[in-house]
Amino acid sequence: MVFVLCCATALGQATGAAEWPTGSFDQQRDGWQRDETKLSVDTVKNIRLLWKLKTDNKPMGMQSFREPVIVAGISTPGGMKTLAFFAGSSDTVYAIDADAGKLIWRKDLKWSSDKPQEPGEGGGFICNNALTATPVVTPAGAAQRFVYVLANDGYLHTLDPGTGDETDPPIQMLPGVYGKAYGLNLVNNVVYTVSGQACHGVPNELYAVDLANKKAFSSAPGQGGIFGTAGPAVGNDGTISFETGDGPYDIAAGKLSTTVQGYTSSNDTLTLKDYYTPTNHAWLTKRDLDMNTTPVVFPYEGRDLLVGSGKEGRYFLMDSKSMGGADHRTPLYRSPLVSNKNVNFQTEGSWGSFASWQGKDGTRWVLAPIGGPVAVEFPVSYGPTPNGGVIALKVTETGGKTELTPAWLSRDMMTAEPPVVANGVVFVLAAGEFTGQANDEDGGLYSAEDRIKHSIPAKLYALDATTGKELYSSGEQIESFLHQAGIAVAGGRIIFGTFDGTIYCFGLE
Amino acid sequence: MRWHLQRLVLAACLLSGLAWAQGPPRGFWTVPGNDAAHTSWQKAETEITPETVSKDFKFLWKIKLGNGTAKSSFSEPLLFPGLITGRGFKDLAFLADAGTLYAVDSELGELVWKKDFQSSSAPKACGNIQLVPEAPQVIHFGAPRPAGPRPAAPPPPATPLPRAQRRVGAAAGGGYFSLRGIYVLTSDGYIHEQIMATGLDYAPPVKWLPAPGGSSFGLNMNDKVVYTFTGSGCQNVPDQVWSIDINTPDYKVGTYKAEKLSLAGVTGPAIGTDGTAYVATASGPVALGPDLKAKDWYTPSPAGKMLNASPVMLTYKGKELIAAAGGDGSLVLLDSQSLGGADHHTPLAQTATLAKSARRGAWDSLAGFQDKAGALWVLASISGPVDTGVKFAITDGPAPHGSIVAFKLEETDGKTSLTPAWISRDLVNPAPPAIANGVVFALEGGHAHATLYALDAGTGKQLYSSGDAIATYGRLGGMSVGDGHVFFTTHDNTLYSFGIPLEH
């Protein structure tokens, strides 16, 4: 017994092995796996399906899994392992041996709220009563490591990564149940998330839990929907950034719809530090072109820069020290329309989150998913992209101005998920998801069932990070689609889950 | 009336989150003259003011439609903003020529779709296709949530009507995101329903008018009873008022025909708040009940030459008033409860003769609005010179070709009068005036080219002129105003947009 307890305690062991401890890899949400050594431009042609595992996850609406997190050096009853953690849509957490593809443990999170659970899958494809926040793991090097999962009851659960046991009582993080939260971010012992769509009346706010004193706090008042899938990004200077969607715009009241907002966190208080509102805010609101992505933050010449976007299809480059300049309307750079000439709120802009990496020559790259044809010329491209793909932009200096310059456009992909970068290779899932909302043929909105029926199996692609050239495609090996379920890359493995509850691991032998 | 439901907004939930109901209204213009009453008054306007129109108003875009060989200009553009479609939210302008219906993105000036109804076997049409969209619903994304407890989530949307059960006029189902229809009367006498988002047929068309090829004037709708009238001697189709009830599958058709009657105006019947239809005849305005039987009328005495204008319904101090053409080229104001008093000859108020010598084929129009102080104004576009016997308080030089005239309703000692307030500058072939937030828009059809003017609604003072920005002249096409923009067409089948620009 003593032996088991000892092994089950997840001691912080800095193994040096590659991990993916949080959504989009790090607190800046750059999706750049810096520790990859096996996967490379030369080796990815040898990628194959290493394993797949069918789970008993029950999808809710279109949602099954979000992005997994991968942690190395976890003591389990079966020995030291690298584990991939998946938070399933129905409040079940799965820990899977990343090498063997075996389930190590599964944990049904107990309902903690005094509000009742609802049967069914919510209403429509938006408020679907699904767990939607990517979990987060205590950073490597900590004395102890835990997996934090925000469940449908609005409570933050703390799990032992080796056993799935809850090590602390759950902490109420959201004010209500079934709030639709996004990727958890853990910085300086505080867990952050955002919520969108005001599901079940949970206000769209930045939410936080101080793990030291278990105190929950938020950024009231509620905003337009905050639904960048990677949640808030946290810069090197501590600024917590997110984008808001349509809603009231009242500066005096602190309601800043369709805006990039930056907050500081101190003494369990969140304070609006700065914001950037596009000058065409009225147009964006009129046509439902929300800003809806998680900004990416990266260092650039001694300062933090951010890139944001949204359904409109433009990209904004901002200095964290002054996001929108003195008038909050002037970013460092505002791109022309890169995609979405059709002004379509449903698909054709940019959704989810981004990636950013720096080449050996010092070039800073920004990658983004797009949902349709492009509106500008790319120097390198691989044919039309009627269904979307990935774009690569370079941060450049022109006449003393810092800009984003188109570099390459990927091949066509059916609903590209946010890309990730590892050792010169871009990995991206063509999710296969049908993202239409308004049904022009039969009327009404497409239901989740309709959208599932119209979706096609996902495909994994590996692209050359400097040219976008396709290096690998999974072809027909994936059997189902996925909805906003990102990929995690670590130790030569690419891991993700699909709608049908199957978890896939591609990689090198 | 259904048209008054057009500000209905909703608490809807798209990916962007909740959209609350109490947002500013959008600039719908869903029948000729904007509303069933044909006031040509855009009550929802907020961007256009006398101040902004003076400094920010400009040409925005134009788009050429059709093959350029049409003999008549397009119909007055109808505006339907905020329509949800499979390609995003669209602000649509609908307009038609004799055989084709066009839907244009009214912000971007891009053709969204077109539907060709022309049939090689059909007799040549005298006039344009006539349009009327169904009542709108609005999703407003920038609206604050109303005070008080958070409302419950909206109920799941109703199931869309199966395709096999569709028929013209049948509700499409699907809740706030249901298919929306635009009703179209084509020259073959059929009424069609097109899906607004795509232009596709919603259901097979229904025969309405017995004789094909006639010229119909304006569609209007009240509680899914659609009205129009035919005439102008085209294809020997008689001057006649028509209705069709599309609520029910038997599509009951009503008709009104009076001996020796010629119908006037081009916007079709106006409809009062109680559903009464009003038409202008050569003998004066007639009120028609739901069965299209004449239930009241006003006959000027002496009749003399009458302006060729459709009546306009105006609500004032709880009463519904009718501005209409009176005898001998005058305007009259009538009480809808008793059009001409007991003798059918006595109006509430009457102006002096405006256009004693109006030429044959001249085209006049009426409009009306209430200013911020609550005063009621009646406007008219007059083709030809205004009789010198009318003394306007404010003038803007001689107006030998035509003008916009403004009358203010005044009540003194229990007597109602229409006081001549101002007359515009000279306008060659003036289109029906349109009013928005203290500004009157006047479109001069012109000889060489059309010119758009913005006038102060209280004084007629010119606030803006498009100069020579419009390439050619306009004819038989009215204006519509919505969301800070003004729309009209010219003779070369070009749709123009002027307005306060919105950064895209």
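In this text the structure is predicted, and so the values were computed from the model without any measurement. Order of the sequence lines sets the chain letters (A, B, ...), proteins ahead of strands, with each chain counted from 1.
Interface remark: A:N292 contributes no atoms to any contact with chain B (heavy atom separation under 4.5 Å). At a 4.5 Å heavy-atom cutoff, the contact between B:T85 and chain A is made by backbone and side-chain atoms alike. For a residue to count as touching a neighbouring chain, one of its non-hydrogen atoms must lie under 4.5 Å from one of that chain's; by this rule B:D91 touches chain A with backbone and side chain alike.
Using a 3.5 Å distance cut-off with no hydrogens or angles, the side chains of B:Y464 and B:S54 do not pair a donor with an acceptor. In summary, the side chains of B:Q194 and B:D201 do present a donor paired with an acceptor at a separation below 3.5 Å, with no hydrogens or angles considered.
The greatest number of non-hydrogen atom pairs below 4.5 Å with chain A, out of B:E107, B:R166, B:E110, is found for B:E107. Between chain B and the options A:E312, A:E441, A:H281, A:K255, heavy-atom pairs under 4.5 Å are most frequent for A:E441.
Listed by chain and residue number, A:D274, A:Y275 satisfy the side chain to side chain contact (heavy atoms under 4.5 Å, CB included) test with A:H328 (two or more places apart in sequence, or in another chain). With sequence neighbours excluded, the residues forming a side chain to side chain contact (heavy atoms under 4.5 Å, CB included) with A:T347 are A:T435, listed by chain and number.
With hydrogens and angles ignored, the 3.5 Å screen pairs no side-chain donor or acceptor of A:E243 with any backbone N or O of A:Q261.
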